[in-house]
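None of the values given here were measured: they were computed from a predicted structure. The figures that follow rest on heavy atoms only: side chains count, while hydrogens, waters and symmetry mates do not. Each residue takes its place number in the sequence, starting with 1.
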Amino acid sequence: MALQKLRDMLDKKEISAVELTETYLDRIKEKDTKINSYITVCNESAISEAKNAQKVIDSGRSTAFTGIPVSVKDNICTKGIKTTCASKMLEDFVPPYDATVAKKLKNNNAVILGKTNMDEFAMGGSSQTSYFGGVKNPFDTSRVPGGSSGGAAASVSADLCAAALGSDTGGSVRQPASFCGVTGLKPTYGTVSRWGLIAFASSLDQIGVVAKSAEDTGYILNGIYGYDENDATTSKKSTGDYNCLVGSNISNLKIGIPKEFFGDGLDDEVKKAVLNAAEYYKKLGCEIVEVSLPCLEYAVSAYYLISSAEAASNLSRFDGIKYGLRSGLGENFNDLIANSRREGFGNEVKRRIMLGNYALCSGYYDAYYKNATRIRTELKAEYAKIFEECDVILTPTAPTTAYKIGQQENDPVKMYLADIYTVTVNIAGLPAISTTCSYDTNGMPIGMSLIGKSFDEKTLIAVCDRFEKDFERKEAVL
């Protein structure tokens, strides 16, 4: 149900915050055994937060979030609630503080239903690398929900929360939103504070939103954006009021179609659906412009070198002494650290740590990491050139729809190449939103993405909303 509809129901006392929360908790208890979207469900604290929210509503001081039940990805710190990153390494970690976004949710009297499942330390595109078991797609439980924010997307798709917070390092909000038939927004880098987000790749990570619609992502973004003195990478350029252009005339916009996104490797049904969406905008009066992003062929390589190098650095703190699981084995300091990491990290995390350390080694740094940063600079320049001519860019979100569980997880190269259409946005620090534009012959959602200029989420949300208003979205049936 749309957030504005829930807001009206709560404010008109058609339902209480406690009743709404109990409805979601009951549905989680009944349905989540099938999809495993939550790692931790906060039954007691959620009811307590709902009671406090109802007092605010009764006093007439409610805000957009008051009493709205949401889920939070399990790599975002929540005071007093386990934050595991879906890893054995942090299986019992209970943060003593709230991430900035969690604090903002609580300050606005939102109700946190629980912490959602994910790929371990956000490393993956299927949500199958979780120590707590893989997540299943609500449209077809034999298929993956995407990743790494698969639990967030699945929880929204299955109506196990009203909206969700996720994190997006290379498409980790948008790709699962595409696979699960919902809307995912990755804001401009620096729009939302990362303080309290357990880091994967610091120059790429950005907290994003998964919801039922573009307009709903705007409501959530309004509550979590903004400069944070605890995070030096946040920007003061973010202005809020992200739904101010919803419903406005978009017929004068120019929409770029990068030819490289529609070449080999793209599923025919996905290609047809996204090009049909381009025709929809053309009929509205928008000008469709063919553009080029030549660096796309190098984007995946650059992304995995940069992200793995930063991951190797960020995860070095988990040694079993300062942070993380401590092994009971080891006769000396070095053995203790090695055994703690061997026992605590899963295979995909180990793989990326090894790749990152290799890329940063003396003798390989210039050949790999330094060249990856050059590609980043070139990608930013190519996007800047496109945006001199266009207002937004339309692309597929992923080359295929959701695939069968076990089909690709054992082939790292195939898994990594599946990120080709999403990683450029993170490398360039741009905003992007994914929404459903059709369904394939198996009934699985097909996602399209809109990419915008830095700090221009308002236009993205308006353009996406216009399409959604005329598109008949299907609901997952569990």
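Using a 4.5 Å heavy-atom cutoff, the side chains of L430 and S454 are in contact. At least one side-chain heavy atom of P396 sits less than 4.5 Å from a side-chain heavy atom of L266. The closest side-chain heavy-atom distance from V192 to L221 is below 4.5 Å. At least one side-chain heavy atom of Y303 sits less than 4.5 Å from a side-chain heavy atom of L204. Between I220 and L165 there is a side-chain heavy-atom pair separated by less than 4.5 Å. Within the 4.5 Å cutoff, no side-chain heavy atoms of E382 are placed close to those of I386. Annotation: side chain of T66 is not in contact with side chain of L10 (no heavy-atom distance under 4.5 Å). Side-chain contact check for Y421 versus S449: every heavy-atom pair is 4.5 Å or farther apart.
Checking S126 against Y403 by side-chain atom types alone, no donor-acceptor pair falls below 3.5 Å. Side-chain atoms of R466 and Y281 include no donor-acceptor pair closer than 3.5 Å. Side-chain atoms of E468 and S213 include no donor-acceptor pair closer than 3.5 Å. With no hydrogens or angles considered, a side-chain donor-acceptor pair links D119 and T129 at under 3.5 Å. Side-chain contact of E457 with T188: a donor-acceptor pair under 3.5 Å is present, judged by distance alone. Under the 3.5 Å distance criterion, with hydrogens and angles disregarded, no donor-acceptor pair is assigned to the side chains of T401 and R143. No donor-acceptor contact under 3.5 angstrom links the side chains of T116 and S155, judged on distance only. Under 3.5 Å, the side chains of S292 and E260 contain a donor-acceptor pair of N or O atoms. When only modelled atom types and interatomic distance are considered, Y280 and D470 share a side-chain donor-acceptor pair under 3.5 Å. Side-chain atoms of S48 and S45 form no donor-acceptor pair, as typed in the model, at a separation below 3.5 Å. Side-chain polar atoms of T234 and D231 form no donor-acceptor pair below 3.5 angstrom.
A donor-acceptor pair under 3.5 Å links the side-chain atoms of Q128 to the main chain of V135, judged by distance alone. For Q175 (side chain) and T422 (main-chain N/O), no donor-acceptor pair under 3.5 Å exists by modelled atom type. A donor-acceptor contact shorter than 3.5 Å is absent between the side chain of E49 and the backbone of K106. No side-chain donor-acceptor contact under 3.5 Å links N243 to the backbone of V246. Of the possible donor and acceptor atoms, one in the side chain of E269 sits under 3.5 Å from a partner among the backbone N and O of T441. Under a 3.5 Å cut-off, the side chain of R7 and the backbone N or O of A2 do not form any donor-acceptor pair. S149 places a side-chain N or O within donor-acceptor distance of the main-chain N or O of S167, the cut-off being under 3.5 Å. With K34 contributing its side chain and P138 its backbone, the two residues share no donor-acceptor pair below 3.5 Å. The closest donor-acceptor contact from the side chain of D465 to the backbone of E215 lies at 3.5 Å or more, if one exists at all. The backbone N or O of N117 lies less than 3.5 Å from no partner atom in the side chain of N36, so there is not a single donor-acceptor pair.
In summary, of the residues considered (K186, R174, K73), a salt bridge (charged side-chain N to carboxylate O under 4.0 Å, His left out) with D168 occurs for R174 alone. Put simply, the residue from L3, N109, N108 that forms a side chain to side chain contact (heavy atoms under 4.5 Å, CB included) with F65 is N108.
A278 and I288 make their closest contact through O-CD1, 3.6 Å (heavy atoms, listed as atom of the first residue, atom of the second, distance). The shortest non-hydrogen separation linking A153 to A177 is CB-N, 4.0 Å. Nearest heavy atoms, A428 versus Y383: CB-CD1, 3.9 Å. When all heavy atoms of S438 and A273 are compared, the closest pair comes out as CB-CB, 3.6 Å. The two residues P176 and G150 make their nearest non-hydrogen contact at CB-CA, 4.1 Å.
The side-chain contact (heavy atoms from CB on, under 4.5 Å) check on T377 picks up nothing, with sequence neighbours excluded. Evaluation of the side-chain contact (heavy atoms from CB on, under 4.5 Å) rule for K272 yields N276 as partners, not counting sequence neighbours. N107 meets the side-chain contact (heavy atoms from CB on, under 4.5 Å) test with K103; sequence neighbours excluded.
Rounding to the nearest 0.5 Å gives a distance of 9.0 Å between OG of S172 and CG of N75. Annotation: the span from I112 atom CD1 to I68 atom CD1 amounts to 13.5 Å, rounded to 0.5 Å. Taken to the nearest 0.5 Å, the CG atom of L478 stands 9.5 Å off from the CZ atom of F139.
In K29, the NZ atom is not crowded: 12 or fewer heavy atoms of neighbouring residues, nucleotides or ligands sit closer than 6.0 Å. Within a 6.0 Å radius of CG in D26, other residues, nucleotides and ligands contribute more than 12 heavy atoms. Within a 6.0 Å sphere centred on NZ of K51, heavy atoms belonging to other residues, nucleotides or ligands number 12 at most.
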Inset, instruction - Determine, step by step, whether K82 and D74 satisfy the salt bridge (charged side-chain N to carboxylate O under 4.0 Å, His left out) criterion, reporting the C-alpha distance in whole Å, the side-chain angles of both residues, the deciding distance to 0.1 Å, and the verdict. - result: CA-CA 8 Å; K82 282 204 301 185; D74 208 28; over 6 Å; no
Report task. Dump the intermediate steps for side-chain hydrogen bond (donor to acceptor under 3.5 Å, both in side chains) on S193 and K104, then the final yes or no. Result -> CA-CA 11 Å; S193 173; K104 288 186 174 185; over 6 Å; no
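The existence of a salt bridge linking E475 and K212 is confirmed by a sub-4.0 Å separation between a basic side-chain nitrogen and an acidic carboxylate oxygen. Between R194 and D228, no side-chain nitrogen of the basic residue sits less than 4.0 Å from a carboxylate oxygen of the acidic one, so the salt-bridge criterion is not met.
At least one cation-pi condition fails for K271 and F262: the charged atom is not both under 6.0 angstrom from the six-membered ring centre and inside a 45 degree cone around its axis.
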